[in-house]
Amino acid sequence: MPEMMTLIGGRTSKQGTSLTHGKLDGEYLEVTSTVEMNVEDMARLGLKNGSRVKLRTPEGEAVLKCKGRETKDLPRGILFLAYGPLSSQLMAGDTAGTGMPISKNLDVEVEPVPDQAGP
Amino acid sequence: MGSPLRIVNGRVYDPANGVNGVVRDVCVRDGKIVDDVPPDAKRIDATGLVVMPGGVDIHCHIAGPKVNLARKVQPETHRDDVQLRTRVTRSGTGGTVPSTFATGYRYATLGYTTAMEAAVPPLGARHTLEEFHDTPVIDKGFFVLVGNNLLLYRLLQEGRLEEFRHALAWWLTVTKAYAPKLVNPGGDEMWKGQRNANITALDDKIGAFDLTPRRVIAAFIEAANALGLPHPVHIHCNNLGHTGNVETTLETMRLAEGRRAHMAHIQFHSYGAVAGKSRSNPTSRARDIAEYVNTHPNISADVGAVMFGHSTSMTADAPLAYMLYRIAGGKWVNADTENESGCGIVPFTYQDQVYTNALQWAIGLELFLLSEDPWRMVFSTDHPNGGSFMTYPRLIRLLMDSEFRKQQMAQVNQKALDHTSLRDLQGREYSLYEIAIITRAGPARLLGLTAKGHLGVGADADITLYEEDDDKEKMFAAPRYVIKDGELIVEDHEFRDDHGGRVLHVAPAYDAKIEQVIEPFFEDYYTIRFANYAVDDRYLSHHQVIPTAAPAAAATPAGAARP
Amino acid sequence: MSDNLKVVENATCTFCGCVCDDMNLTVDVDEHRITKAENACILGKAWFREHGIEQRPFALIDGHEATTEAGVEEAAQILARARFPMIYGLSDTTCEAQRVAVGLADMLGGTIDTTTSVCHGPSGIAFQGVGESTASLGELKNRADMIVFWGGNPAEAHPRLFSRYAVTPKGMYIPNGRKDRTIVLVDVRRTASTPAADIFVQVKPRSDFEVLWALRALVKGRKVDPSIERRTGVSLAVLEDLVARMKRCNYGAFLFGMGLTMNRGRHFNSAALLALATDLNQFTHWVAKPVRGHGNVTGADNVVSWQTGFPFGVNFSRGYPRFNPGEFTTVDVLARGDADAALIIASDPASNFPKPAIEHLKRIPVIVLDPKATLTSRLARVAFTTATYGINVTGTVYRMDDVALTLRPAFPSPYPSDEQVLTAIRDRVRVLLGGNRLPAGAAPIAPAVAAAS
Amino acid sequence: MSLALTLHTVPTVPLEAEVLSPARLAGLSAPEAAKLTVVYGNQRADLGDFFKVGKGADGELHLTGDLARVKRVGMGMAEGRIVVHGSAGMHLGTGMTGGEIVVEGDAGDWVGSEMTGGRITVKGNAGHMVGSATRGSAVGVRGGEILIFGNVGNEAGSGMRRGLIAIGGDSGDFAGVNMLAGTIVVLGRLGWRTGAGMARGSIISMHPAELLPTFAYACTYSPLFLRLCLLHLGRLGLPVARSQVEGRYQRWCGDAVELNRGEVLLLDSAPGA
């Protein structure tokens, strides 16, 4: 049963340092395919660190690994994801006459992916 | 540098060489004016055309950090005033702050071939030179802002005058500047450090420094003369735009005590107050200013005339810009530069029915008409502060055509005119010879550009050919030919070629030990390394160092040399 | 490691918009590696450490190895043929290369845009609406006794913003450094930056505009309803306290990030903050600065502005520059399917653009200049390997505060610079077109208005 | 002037066709009209390269086809009438001073931006920036009417100084932002941050909305001008209900950050109202 959460895209220093290795490198892909989630939300959804979740917007969907953050650091209902190929999949092309697609605070459907479903 | 060229039969105005409307040939070779060229040289038939040296703008704002901010903040002014690309020239946009390419091409299409950017913080020098690289046709230089420089203040405060002079020379040299510029001395420290306060008088204390504007200005005048710079210190006085500022302006000029000093856009500094009213509307004190300049050959000024319509106020005088923002509303840009300067930008429209605006317009004209030495009271609108350089042809007409002037006067706020002497000056009209002085020969001489502003042998072959016309605005708006460094750039009003233009700068000598004084200050208070501060020569693809005179020669005011 | 080491002092790091110019690089000359980057932050260290010379083809055409010259010919042919060529990227290259790229766009009658449009482009639009009170970073170091970070995470994205420019350094009027400043951080979540703040204000996602608007009202002495807390997560008391501090300080500064620009509200969020800084100047000195991401994105803004009058998203198809975000910005041009060719310089839109834009990139001929292989270079018709600016080539870059610096390269690269490749493409296009392409349209619709009229 | 143009070749890059305006086509034969210049990407093309030009039945300009990539239809027009049987691209009627444009389908962004007179009717949806100021300008629409039957995107009526914008469906965010005066009617729901920075002017919606903290409730009443305005919109075909014409409206004053002389009127849904 999917539930709605708010996805914040952003940059991290780890993403930054991995970027300089090259964007086709494993570390960069690893960093940009891990979504941070509130630990209470994770518990409720039966997710552990490293579990896989599917995020979906009207534009597209992406499967990511999740990683827990304490409530004081990341409120319930909020997700954080470093920009990269997977966050792109969720963004719409409409910029409302600004040139800027919305990439922070996207409404996303969150759905756990059963372990056996993954490669 | 182009093939030899003979301009045949033009009516030549070359005041620096005493040539007043004589029909004769002008010969060009290798980018210079020469005595003669071979008979097979290319010829331009200039019959019926007026031949003048290329125009020289002594004070304008065309490149650098604040100009680019002013460009960026006004997309709406670029939209409907565009510069189309041609096969050989780049496109651009206009408005009161045109893009770099449009700036160069438009100056050229007015017959101007040299322009001086009048206010660049040292930290913005590299940026300014980058824009110069993309400003075609014209030769250009910039005045570097030193009047609010905190290291120079420290040296001055501690009485280290020799080091002060070496530091000034260092700053001019490493930034590739043309002249030192003071803007509202002391004002930045009040603005940035004292909750947006300002200097109100020459004897105010400057923030935390044990200094006054009076001491700062005097020190710069002294140092600039001692360095023998081709152009002396270029001063934007305190209290610009304020009612009653004429006293500050006169006092500032007196500080020169016979030494050379150039007063920028003096129109903005010629305001009186209605007697007995401290917060009155301004009145004109153009007569007092004109009289002082007329009788003091050490002083020169550019007028900074105001023209009605859109302008952009952009200035290193940040408190002034804030005052204008409080009047005009709309957009306001402020930009502080560490240890060196402030800056403010406000789009502004001068309206003929507004008392103050009409008064400013009238004072500009008064100063021209009251001037007795066109060599020392030269042409400017402080582009784009008083109006765009594109208004120059109209301003020339106002000076040359008293009937036109009268018509224009009838359309402005009459109360403002009541507070000026403009109506008494109807008899005065500028001749083409005098126009050639205030737009070419005079500014070139004040800048110490010996190869500019004249058509004598050895001069740069920067030449403009106008079609004579009773409507002087029309005549000066579109020369038929413009020649830069001997190359035909504009022919029959169309671009034939592109051209880079040169950077003009000075390199006064300094004692290298001064760097040991400057470097520790950088370590403490700058966020750029000392080693990365000086601008290297790669930013000067085409350039020319204008030599400094021996210090003794500097005592002779250039303006006085040839009345 | 060889024994052939040299040290390049005062080198400049171009990883982020801080553009710190105090790097002392130890270079292994034989191995073409930087072995030590003194003064660099964690990001800078990675940047310098990882940029060696890789064995890559000079160019790939349709995935096949080719010479740079063959790549130039193919690229020029593609661009000269195109009716709506899009030139994009440019934030990680020198101003000298940017300058050539704008000239190429002009010559072609194409469209040029930089990564600004998906970074602080909305702040640029906000600036065009309300202006901005700003400062060079040294003013923050020397004078700022109150600094408000809004919608950014400098500790991770711009580490030395804290240590070199804004938070801890001592300055002329800030003799005790950190102790003399009040640091406020406003964000929707706690980040690595939060511990640096004296005051952390956590706002609900998507309510920055309301918070800023309420602050503006309070600064102006207007009433704000206490329901502000329910809507934004920030109580009226907290806002009132902030306003009192803001008015009390001597020199205040906002440093704001993409938490404002990439969020619902976009340019209006930035405009609200810029307007707040302007409002505060009635009481004391305040400045605001967008914190810029890429090493020379500020240079790109400057170059495009001085050449065209507009900072990004500029179209030349009618023979003169036009600006209209949403119409001529890259995401829109691609997502709508307008472009029929693309030239991407030092950027990787295929890995961070919205999906519909990436889909279109796959449909059209793409030319890429990049020192490294990227997702974008993988889908390119022509992919050039170029030298890395600041490491292999010199040139000019602008810090986020518009201060220009000259790069000091550490060691040479066998690959050409972006500027060299772009210049070669431009020169070839000039031959193919016989000069600049003549304007397609007649004069603009509105009659040209003299600036003075 | 009486022409019907049918799109026969869909442009693959943007086509700028401000010649599709009554005055530009007036008095031209079909072959003459087909030779008019349009801007196709970075090159010139003929109108006839894209449109089949035929005679029309009346004195109007009829355009048929999917014109989504055709920009500037009716830009700057001063008189006459254009009917688009299909969808229109960006900048429809931008800067128009008079006349009328009717679009049967959808329209792109910047419909009627900075117009000063005339009327634009879009039967479908319109994009962002309907009747807006362009970037950097403080002033948007100075007169005329824009009617959108469907939904619109963000920033409708930004910087508006005079005139009427009516939206049958929902508006996006920042409707009436920085408005100086004029009227915006939204029969559907308002997006976020309506009227931010407005100095004067009226924004009306038929649904409850959460306004910015700088808007204050003043009273509930039945303003006469609104009754007249809604009757006018009803006559033009917008689905105005009797309950709306006769309804009472909550008046919210703002924006307190600016002049505070603007108003947002929300239909009061309280029973018995």
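No experiment lies behind these values; they were computed from the predicted model shown. Every chain is numbered from 1, with letters handed out A, B, ... down the list of sequences.
- Atoms CZ and CD, on C:R437 and D:Q43 in that order, are 4.5 Å from each other to the nearest 0.5 Å.
- Chain D is approached within less than 4.5 Å, heavy atom to heavy atom, by C:R322, C:F323, C:N324, C:P325, C:G326, C:E327, C:F328 from residues 322-334 of chain C, ordered by number.
- Counting heavy atoms from C-beta on, the side chains of D:V13 and C:D340 come closer than 4.5 Å.
- The two atoms that bring D:A196 and C:F209 nearest to each other are CB-CZ, 3.9 Å, heavy atoms only.
- Taking D:N154, D:V177, D:T134 one by one and counting their heavy-atom pairs under 4.5 Å with chain C, the maximum is reached by D:V177.
- Distance alone, capped at 3.5 Å, places no donor-acceptor pair between the D:R135 side chain and the C:G129 backbone.
- Contacts between D:E155 and chain C at a heavy-atom distance below 4.5 Å involve the side chain alone, from C-beta outward.
- With chain C as the partner, the residue from D:A133, D:G159, D:P14 showing the most heavy-atom pairs under 4.5 Å is D:P14.
- With a 4.5 Å cut-off on non-hydrogen atoms, C:A126 does not touch chain D at all.
- With C:R318 contributing its side chain and D:N42 its backbone, the two residues share no donor-acceptor pair below 3.5 Å.
- Other residues, nucleotides and ligands contribute over 12 non-hydrogen atoms within 6.0 Å of the NZ atom of C:K220.
- Only the side chain of D:H91 comes within contact range of chain C, judged by heavy atoms closer than 4.5 Å.
- The shortest distance between side-chain heavy atoms of D:E210 and C:E210 does not fall below 4.5 Å.
- Between D:G41 and C:S317 the shortest heavy-atom distance is O-CB, 3.3 Å.
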Q | D:R193 and C:W213: CA distance, side-chain angles, deciding distance, side chain to side chain contact (heavy atoms under 4.5 Å, CB included) verdict | A | CA-CA 10 Å; D:R193 299 157 185 168; C:W213 222 239; over 6 Å; no

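- The neighbour count for D:E79 CD, taken as heavy atoms of other residues, nucleotides or ligands under 6.0 Å away, does not exceed 12.
- Judged purely by atom type and a 3.5 angstrom limit, C:R216 has no side-chain atom pairing as donor or acceptor with the backbone of D:V257.
- Contact annotation: the side chain of C:F84 never approaches that of D:T12 to less than 4.5 Å [non-hydrogen atoms, C-beta and beyond].
- Of the atoms belonging to D:N260, not a single heavy atom falls under 4.5 Å from chain C.
- Of all residues spanning residues 260-270 of chain C, those with a heavy atom less than 4.5 Å away from chain D's heavy atoms are C:R264, C:G265, C:R266, C:H267, C:F268, C:N269, arranged by number.
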Q.
Working note: D:R69 + C:D338, criterion side chain to side chain contact (heavy atoms under 4.5 Å, CB included); need CA distance, chi angles, decisive distance, verdict.
A. CA-CA 8 Å; D:R69 223 192 280 279; C:D338 286 348; 2.5 Å; yes

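- For the atom pair C:D225 CG and D:L211 CG, the distance stands at 11.5 Å (nearest 0.5 Å).
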